[in-house]
Amino acid sequence: MTRPAEVSAVGRVVLKDGTIVDSRGEQRLDVAMENGVVTEVGIELRGDRLVDARGCVVAPGFVDLHAHLREPGKEEAETIETGSRAGAKGGYTALVAMPNTDPPQDSVAVIDFVREQGKRAGLLEVVPSGCITLGRQGEALAPLAELAAAGVRLFTDDGSGVQNELLMRRAMEYARGLGVTLAQHCEVTSLTKGAVMNECQCCTSLGLPGWPSIAEELMVFRDIELARLTGARVHFLHLSTARSVELVRAAKRDGLPITAEVTPHHLSLDDTRLTSFDTVFKVNPPLRSLGDIAALRAGVRDGTIDALATDHAPHPRRDKELSLDQAPPGMLGLETALGVALGVLDVDLVHLVRIMSTQPAAIAGISDRHGRDIEVGAPANVVVFDPDLSWTVSPDSLSSKSRNTPYVGMTLRGKVRHTFFNGVATVLDGDAQR
Ligand code: DOR
């Protein structure tokens with residue numbers, strides 16, 4: 001078998017002895033890739049370079065709908081290059097870059113910059129989202145048509161939700177006409193002022209201001225009704241409560257064009273973690289109750305939740321060392337998503353690939369090149385992962401520039417072995433190639 005360093009972009013690369021998992025099910029076949037595309041699928045294929053996939057799943061590369069890459073403006077926390085490397089290590093071939101940069105992604109110039117920096121890093125496709133409102137200020141619409149003409153397919157003010165109903169209605173009317181999707185961060189801020197953790201019994205006894213579930217659910221409800229009125233496609237970011245899942249389930253039953261995501265941390269960690277006062281557990285929306293976690297997992301299982309999205313939110317140590325009320329919310333996600341998901345979700349591998357690749361690619365509007373079945377002619381955006389390999393997360397192993405993850409020291413089951421972006425290995429045997 002070829003050593004990692006010997007696998008190059010040229011020639012025919014064959015993934016040997018793995019199991020293809022995609023929308024068609026599972027097949028034990030080799031996969032040949034050349035010049036950026038899948039060129040053959042079959043048994044006992046030969047090639048210039050052979051890459052071991054024994055015991056592994058070979059699937060379309062993962063697509064993250066929710067990554068904070070922090071460039072431009074907060075390069076101390078992450079750059080598009082370091083975030084891309086973290087993504088490749090996590091098996092991703094595309095990341096939707098969130099717009100809360102400085103300056104924010106509300107102009108074609110910033111969108112072009114983000115996309116170009118992604119190309120320069122060359123480790124995966126960076127897909128910039130655009131702001132819904134100018135400067136994410138919630139006061140006037142961003143130039144949606146201009147941004148859509150520049151290729152933006154997903155619009156969001158993430159980090160904040162659009163509070164004003166009229167503005168959101170107008171945004172949906174434009175979005176409908178432009179054929180783009182609005183992704184909402186659901187938080188009614190009049191209900192969350194000063195809040196740091198889920199409103200629950202322990203927050204009261206700790207004397208910490210509570211963040212009620214209703215702050216999320218009111219906006220989920222409002223936007224479902226606005227989507228019903230306008231016909232716009234709406235995607236709900238990082239849902240965290242049982243009632244939100246129920247609202248989305250009912251909206252889908254009504255045939256509305258609604259999609260939703262959950263994060264690995266909301267599926268795996270409950271609100272009692274914050275009793276440690278450790279800011280690594282501070283996220284927006286906050287970690288919720290065990291009942292909410294069970295409902296989120298059930299929502300994934302029955303298809304109410306379309307996508308697993310990381311909300312990868314790097315922050316410098318200095319910021320996370322502030323007191324609980326001052327520290328920014330967010331934790332890393334890209335390098336641990338697969339292991340966390342496999343550990344907590346009771347779904348088969350076909351379903352896992354659906355929520356980590358196929359469906360997020362469709363929501364991001366990039367299904368022509370990501371999330372595609374592994375078949376001849378498909379772009380060679382491929383992840384190879386061992387679903388049974390246990391590994392312990394160590395700070396030294398992380399490619400992100402930041403270290404704010406609660407999973408350090410934890411043992412996860414399921415690890416990415418190789419990632420190929422347009423046929424080029426970005427990760428081999430777990431190591432980033434550039
Ligand atoms: O925890 C979070 N961190 N949630 C968000 O919505 C924003 C993000 C960030 O930008 O740090």
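If you're wondering where the values come from, they're calculated on a predicted model, not measured in any experiment.
In terms of heavy-atom proximity, Asp368 sits nearest to Pro379 at O-CG, 3.9 Å. Considering all non-hydrogen atoms of both residues, Cys131 and Arg136 come closest at SG-CG, 3.6 Å. Closest of all the heavy-atom pairs between Ile374 and Ala59 is CD1-C, 3.7 Å. Nearest approach of Asp22 to Pro60, heavy atoms of both residues: CB-CD, 4.0 Å.
Interatomic distance, Glu261 CD to Leu239 CG, rounded to the nearest 0.5 Å: 7.5 Å. How far CG of Asn164 is from CD of Gln137: 13.5 Å, rounded to the nearest 0.5 Å. Note that OG of Ser213 is 5.5 Å distant from CG of Asn198, once rounded to the nearest 0.5 Å. A distance of 8.0 Å separates CG in Leu206 from SG in Cys200, rounded to the nearest 0.5 Å. Of the inter-residue distances, the one linking Asp373 atom CG with Ile20 atom CD1 reads 9.5 Å to the nearest 0.5 angstrom. Atom CE of Met168 and atom CG of Leu226 lie 7.5 Å apart (nearest 0.5 Å).
A heavy-atom distance below 4.5 Å is not found between the side chains of Val152 and Val180. Side-chain contact between Met331 and Thr405 is absent, with no heavy atoms from C-beta onward closer than 4.5 Å. Side-chain contact between Val126 and Gln117 is absent, with no heavy-atom pair separated by less than 4.5 Å. Side chains of Pro104 and Val110 form no contact here, defined as non-hydrogen atoms less than 4.5 Å apart. Between Phe236 and Ile258 there is a side-chain heavy-atom pair separated by less than 4.5 Å. Using a 4.5 Å heavy-atom cutoff, the side chains of Arg297 and Asp346 are not in contact. Inter-residue side-chain proximity for Leu338 and Leu352 is flagged as met; some heavy-atom pair is nearer than 4.5 Å. For the pair Arg28/Thr19, a side-chain contact is recorded, criterion being any heavy-atom separation below 4.5 Å from C-beta on.
Counting only N and O atoms by type, the side chains of Glu335 and Ser400 include no donor and acceptor under 3.5 Å apart. With hydrogens and angles left out, the side-chain atoms of His370 and Thr93 include a donor and acceptor closer than 3.5 Å. Side-chain atoms of Glu75 and Thr79 include no donor-acceptor pair closer than 3.5 Å. Side-chain contact check for Ser402 and His315: no donor-acceptor pair (N or O, by modelled atom type) lies under 3.5 Å. If you check the side chains of Ser268 and Tyr407, you find a donor sitting under 3.5 Å from an acceptor. For Arg176 and Thr230, the side-chain atoms include no donor-acceptor pair closer than 3.5 Å. Judged by distance alone, the side chains of His66 and Asp158 do bring a donor and an acceptor atom under 3.5 Å apart. With hydrogens and angles left out, the side-chain atoms of Thr272 and Thr275 include no donor and acceptor closer than 3.5 Å. A donor-acceptor contact closer than 3.5 angstrom links the side chains of Ser323 and Asp325. Remark: the Arg288 side chain and the Thr241 side chain contain no N/O donor-acceptor pair separated by less than 3.5 Å.
Using a distance-only test at 3.5 Å, with no hydrogens or angles considered, a donor-acceptor pair links the side chain of Thr279 to the main chain of Lys320. The backbone N or O of Val162 sits less than 3.5 Å from a side-chain atom of Gln184, completing a donor-acceptor pair. Checked by atom type and distance alone, the side chain of Ser289 pairs as donor or acceptor with a backbone atom of Asp292 at under 3.5 Å. Looking at Glu71, its side chain does come within 3.5 Å of a backbone N or O of Ile80 through a donor-acceptor pair. Panel note: side chain Thr426, backbone Thr419; a donor-acceptor pair is recorded below 3.5 Å. Side-chain atoms of Asn404 come within 3.5 Å of backbone N or O of Ala313 as a donor-acceptor pair. Side-chain N or O atoms of Arg434 include one that pairs as donor or acceptor with a backbone N or O of Gly122 at under 3.5 Å. One N or O on the side chain of Arg233 and one on the backbone of Gly179 form a donor-acceptor pair closer than 3.5 Å. Panel note: side chain Arg54, backbone Gly18; no donor-acceptor pair is recorded below 3.5 Å. For the pair Glu81 (side chain) and Ala121 (backbone), a donor-acceptor distance under 3.5 Å is absent.
Using a 4.0 Å cut-off between charged side-chain N and carboxylate O, Lys74 and Asp319 make a salt bridge. In this structure, Arg243 does not pair ionically with Glu246, as no charged nitrogen and carboxylate oxygen lie closer than 4.0 Å. Salt bridge annotation for Asp52-Lys16: absent, with no cationic side-chain nitrogen under 4.0 angstrom from a carboxylate oxygen.
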message = Quick one, Thr39 with Val376, criterion side chain to side chain contact (heavy atoms under 4.5 Å, CB included). Give me CA distance, side-chain angles, the key distance, then yes/no.
response = CA-CA 5 Å; Thr39 51; Val376 174; 5.7 Å; no

ask   = Does the pair Ile366 and Val63 meet the rule for a side chain to side chain contact (heavy atoms under 4.5 Å, CB included), with working shown?
value = CA-CA 9 Å; Ile366 55 174; Val63 174; 4.0 Å; yes

inquiry  = side chain to side chain contact (heavy atoms under 4.5 Å, CB included) for Met219 and Gln163? Distances and angles first, verdict last.
reply    = CA-CA 8 Å; Met219 199 172 277; Gln163 305 297 308; 3.7 Å; yes

task = Please step through side chain to side chain contact (heavy atoms under 4.5 Å, CB included) for the pair Phe62 and Leu308, ending with a clear verdict.
result = CA-CA 10 Å; Phe62 298 145; Leu308 184 80; over 6 Å; no

inquiry  = What verdict does the side-chain hydrogen bond (donor to acceptor under 3.5 Å, both in side chains) test give for Glu78 and Thr82, after you've listed the backbone C-alpha separation in whole Å, the side-chain angles of each residue and the deciding distance to 0.1 Å?
reply    = CA-CA 6 Å; Glu78 196 78 286; Thr82 59; 2.6 Å; yes

query = Between Asp306 and Lys252, is a salt bridge (charged side-chain N to carboxylate O under 4.0 Å, His left out) present by the stated rule, with each step listed?
reply = CA-CA 11 Å; Asp306 302 88; Lys252 286 190 164 188; 2.8 Å; yes

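For Phe113, the CZ atom is densely surrounded, since the number of other residues' heavy atoms within 6.0 Å is greater than 12. Environment of CZ in Arg24: crowded, with over 12 heavy atoms of neighbouring residues, nucleotides or ligands closer than 6.0 Å.
Of the listed residues (Arg70, Arg318, Lys401), just one forms a salt bridge (Lys or Arg N to Asp or Glu O under 4.0 Å) with Glu76, and that residue is Arg318. Val283 pairs in a side chain to side chain contact (heavy atoms under 4.5 Å, CB included) with only one of the listed residues (His265, His238, Met197), which is His265. For the salt bridge (Lys or Arg N to Asp or Glu O under 4.0 Å) with Arg417, the lone residue among Asp431, Asp429, Asp386, Asp388 that qualifies is Asp429.
Applying the side chain to side chain contact (heavy atoms under 4.5 Å, CB included) test to Lys415 and every residue at least two apart in sequence or in another chain returns Leu389, Trp391.
A side-chain hydrogen bond (donor to acceptor under 3.5 Å, both in side chains) check over residues 347-367, counting only residues at least two apart or in different chains, returns nothing.
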